[in-house]
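We count residues from 1, following the sequence as given. Whatever order the structure lists ligands and atoms in, that order sets their numbers, starting from 1.
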Amino acid sequence: MCGIVGYVGRANKAQEVILSGLERLEYRGYDSSGIAVLTNSKLECHKFKGKLSVLKDFLSNNTLNGNVGIGHTRWATHGNPTNENAHPHINEKNNIAIVHNGIIENYLELKQMLIENGYVFKSETDSEVIVYLFDMYYDENLLNTAFKVRELIRGTYAIVIIHNDQKEEFIAMRNEAPLVIGYGEKENFVASDITAILEYTKDISFLDNGEIAVVKKDSVVVYDKNKNMVEKEHTTINWSLEQATKCGYKHFMLKEIHEQPSDIRDTLNSRIDKSGLIKLDDIKLTESDIKKFNKIYIVACGTAFNAGCVGKYIIEKLSKIHVTCEIASEFRYQDPFVDENTLTIIVSQSGETADTLSALRLAKRKGSRILSITNVVDSSIARESDDVFYTWAGPEIAVASTKAYTTQLTAFYMIALNLGLYNKTLSINDYKQYIKLLMQTADVLQNMLENTDEEKQIANEIKDSTSIFYLGRLVDGQTAKEMALKLKEISYIFAESFVAGELKHGPIALIEKGTPVIALSTQKNMVEKMISNIQEVKARGAYVIGIGNEHDKALQDICQKFIKIPNIDDLFMPLVSVLPGQLIAYYVSDLKGYDVDKPRNLAKSVTVE
Ligand code: M6R
């Protein structure tokens, strides 16, 4: 995830504060860094691909003396990690510099408009449009220019701007991406994360959506959406540095669970163009390529595999192309039915998983086109694929994957919708309607996160169990698999998912009095069947926790506990129904006092076979 630091204040202190702030943000992951400072003579900007140490080494021989500056660590989304794509971005006249976190959703239109006005783009980023907009609309008043730019850009952003004509201030603006102002003695700060400035001040306020702040060394003035001045409430931060890196959440896993709605929006929104169509910018597949494919393989490991299994359901439903989902460590030693008429979709959060990479190479040798879904730009899997769909989830630090999973599902919805449209299995009206519903699903997830008491209570009830069963049918069976994986990874309880209809063929023998069974039933056509399966396990003494549509009264009545999922289209249920499973796993692990973020025996990225 990108990081921002801004400083205005004491003579020649900008570089020191910015570098120390960026260092504090390193834990978030990044692939390039940069700084811009207003020195006596000019605006000086330096940025480098790679570790922050590259920037620091450079500055150790080229100190920037100035009292106003901005810095950035970039986690690549639009465009590879390169010097050009790193922030700050500066204009041709070299008097404006900006840093940006988030995604400018309408950057393609803005870029076109700016090109028509003579601007020449140097990077592949969406962020570069911001600096040219400031350049184009600058009227000697940076605040007025910011008001104008705010009207033009759409998306998620935390932006900080400096201008060489305004040597005593910087401007900060935000929408749906965090930005915190820090207040000091004859100096003020801004950062994307409190950690970056905690060393200098504990007196902070948070910018709200749509707000713009003019920050000088002895004043901070904040304007709301209507350009009215607002009084900001100050908060004194008593967090330790460790707590601060988690933004106040007890663990990274919980923080990442809560980031899911905005990460889904990031993955989704900037790929929807003005006419409401999905534009998969990094995927070069043409309509005739797609027509050629007679089957699709999805290959991955762990949670990415579980996302792939849901992906199979989504693609088959929307595009009617046959999909096989395989575990990479098995696939690589098979002789799979892959050829030039096969599309192989490789899924990997890290982009570095050894088994998945080998599977990719095997499919490629067999002539298949490779489309990867990954979270890490320029990772090995991204580099070796023909096409890449980047999930814009930011770095996932907890070993147990959560936000990578839901953004991978988002990727599958988007790919499947386009396959369906090209394959003519979806009408344009249905296609557009599904996009609308998909966008609304992120809000549903956000609402669900507002109250997690039910999951906490259930975690408390089941935490001492020795085994827990998860049941589901069809796509719910796949979600149940992911829920069980989450629980076993971090709580060390034996948890397994079963296709509910298979119970009577064996697994039901394991049910004893009090065995917790988590039964997931979100698909209208399967509710009656699930009710029968629940009755089977209840009759053997199981303690049944149901998760299902809030309107399914009969289902609700038969379960001892019930978590309600808002009534959305069945197709999009997997994107929200996994949440209770993630939360239950998290709370069980926490209640048992385990190291939630670093469970025993597991590594975040498995780069060995
Ligand atoms: O980086 P990848 O998505 O390729 O990783 C695959 C698995 O190792 C990963 O999903 C693992 O199962 C996680 N610990 C799940 O929470």
About how many Å separate OH of Y587 and CG of L254, when rounded to the nearest 0.5 Å?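 It comes to 5.5 Å.
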Say you draw a straight line from CZ of F412 to OG1 of T407; how long is it, rounded to the nearest 0.5 Å?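 If we round to the nearest 0.5 Å, F412:CZ and T407:OG1 are 11.0 Å apart.
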Can you tell me if K463 has over 12 outside heavy atoms packed within less than 6.0 Å of its NZ?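 Yes, NZ of K463 has more than 12 neighbouring heavy atoms, counting only those of other groups under 6.0 Å.
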Is it the case that over 12 heavy atoms from other parts of the model lie below 6.0 angstrom from the NZ atom of K564?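 No, NZ of K564 has 12 or fewer neighbouring heavy atoms, counting only those of other groups under 6.0 Å.
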If you count the atoms of ligand 1 from 1 in the order shown, which ones are under 4.0 Å from a heavy atom of [X]?
X	answer
S348	1 (O), 2 (P), 3 (O), 4 (O)
A304	3 (O), 10 (O)
Q349	1 (O), 2 (P), 3 (O), 4 (O)
A400	16 (O)
S401	15 (C), 16 (O)
S350	1 (O), 2 (P), 4 (O)

Please test N375 against T391 for side chain to side chain donor-acceptor pair (under 3.5 Å), starting from the C-alpha separation and ending with a verdict. CA-CA 5 Å; N375 198 34; T391 50; 3.0 Å; yes
Assess the residue pair K561 and Q457 against the criterion (side chain to side chain contact (heavy atoms under 4.5 Å, CB included)); give the C-alpha distance rounded to whole Å, side-chain angles, the decisive distance to 0.1 Å, and a yes or no. CA-CA 10 Å; K561 275 268 148 85; Q457 206 185 42; 3.6 Å; yes
How far is [atom] from the closest protein heavy atom, and which atom is that?
atom	value
atom 6 (C) of ligand 1	C301 O, 3.4 Å
atom 8 (O) of ligand 1	V606 CG2, 4.0 Å
atom 9 (C) of ligand 1	T303 N, 4.0 Å
atom 4 (O) of ligand 1	T353 OG1, 2.4 Å

Tell me, with the steps shown, if I547 and M483 meet side chain to side chain contact (heavy atoms under 4.5 Å, CB included). CA-CA 12 Å; I547 303 175; M483 290 177 167; 3.9 Å; yes
cation_pi(R369, F293) dist<6.0 Å, angle<=45: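 No, R369 and F293 do not form such a contact.
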Proximity of K486 to ligand 1 by residue part, where a heavy atom lies under 4.0 Å: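 Under 4.0 Å from ligand 1, K486 contributes side-chain atoms alone.
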Measuring from atom 13 (C) of ligand 1, which candidate in K488, Q408, E489 has the nearest non-hydrogen atom?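 Considering heavy atoms of K488, Q408, E489, the nearest to atom 13 (C) of ligand 1 sits in E489.
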Can a non-hydrogen atom of V399 be found less than 4.0 Å from any atom of ligand 1?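 V399 counts as a contact of ligand 1 under the 4.0 Å cut-off.
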Assess whether side chain to side chain donor-acceptor pair (under 3.5 Å) is satisfied between S401 and T303, documenting all intermediate values. CA-CA 7 Å; S401 184; T303 284; 4.8 Å; no
